Amino acid sequence: MAKYVNHNLEECECRCDECGYETMVESIDYSDINKALREDNWIIKKIDDEWHEFCSEKCLESFMNSNR
């Protein structure tokens, strides 16, 4: 999982688990963060009992191909 919550600033830095692209979400509530990511077309997927975030379908496919 690539979420870094800053409680002092009440924001979360989210990083794609494949390419490293970063975006900021102005919330510290994980349901709000996930909703904001999905609205920006991020893909949140559980793979082998671990949650991963991907900024695009291309990154998800690349991750799946390199981790088989």
Side-chain angles (χ1 to χ4, degrees):
M1 177 165 54
K3 290 184 180 125
Y4 307 98
V5 175
N6 183 328
H7 291 277
N8 293 331
L9 298 176
E10 294 191 11
E11 64 185 14
C12 180
E13 176 186 310
C14 304
R15 184 176 301 146
C16 177
D17 286 319
E18 180 62 15
C19 73
Y21 174 78
E22 294 179 359
T23 190
M24 296 297 288
V25 176
E26 293 183 6
S27 180
I28 58 172
D29 179 275
Y30 279 98
S31 62
D32 290 342
I33 295 165
N34 288 341
K35 180 180 178 190
L37 289 176
R38 286 187 178 107
E39 287 174 355
D40 284 339
N41 297 315
W42 281 60
I43 300 158
I44 302 168
K45 187 170 180 82
K46 193 171 191 178
I47 302 169
D48 295 330
D49 294 325
E50 290 186 28
W51 287 101
H52 295 273
E53 289 86 26
F54 303 97
C55 65
S56 67
E57 187 71 33
K58 181 180 175 182
C59 281
L60 169 61
E61 290 174 13
S62 177
F63 181 87
M64 296 299 288
N65 288 334
S66 64
N67 290 295
R68 288 191 172 181

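For this chain, numbers begin at 1 and follow the sequence in order. Since this is a predicted model, take the numbers as computed values, not measurements.
- From S56, atom OG reaches atom CD of E18 across 9.0 Å, with rounding to the nearest 0.5 Å.
- Distance check, rounded to the nearest 0.5 Å: CG of L60 to NE2 of H52 gives 10.0 Å.
- Take E39 and apply the side-chain contact (heavy atoms from CB on, under 4.5 Å) test, not counting sequence neighbours, and it matches K35.
- Counting only heavy atoms from C-beta outward, the side chains of E57 and I43 approach each other to under 4.5 Å.
- More than 12 heavy atoms of other residues, nucleotides or ligands lie within 6.0 Å of CD in E13, so this atom counts as buried by the packing criterion.
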Inset, instruction - Take K45 and D17 through the side chain to side chain contact (heavy atoms under 4.5 Å, CB included) test and state the conclusion after the steps. - result: CA-CA 11 Å; K45 187 170 180 82; D17 286 319; over 6 Å; no
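- Put simply, SG on C14 and CG on N34 are 8.0 Å apart, with the number rounded to the nearest 0.5 Å.
- Contact record, I33 with S27: CD1-O, 3.6 Å, taken as the closest heavy-atom pair.
- One distance of note links SG of C16 with CD of E53; it measures 9.0 Å at 0.5 Å rounding.
- For L9, the side-chain contact (heavy atoms from CB on, under 4.5 Å) partners at least two apart in sequence or on another chain are N6, E11.
- More than 12 non-hydrogen atoms from other residues, nucleotides or ligands lie less than 6.0 angstrom from CD of E22.
- With hydrophobic clusters built from ILVMFWY side chains whose heavy atoms lie under 4.5 angstrom apart, V25 shares a cluster with Y21.
- Counting heavy atoms from C-beta on, the side chains of K3 and L37 come closer than 4.5 Å.
- Note on W51: it does not cluster hydrophobically with I47, by side-chain heavy-atom contacts below 4.5 Å among ILVMFWY residues.
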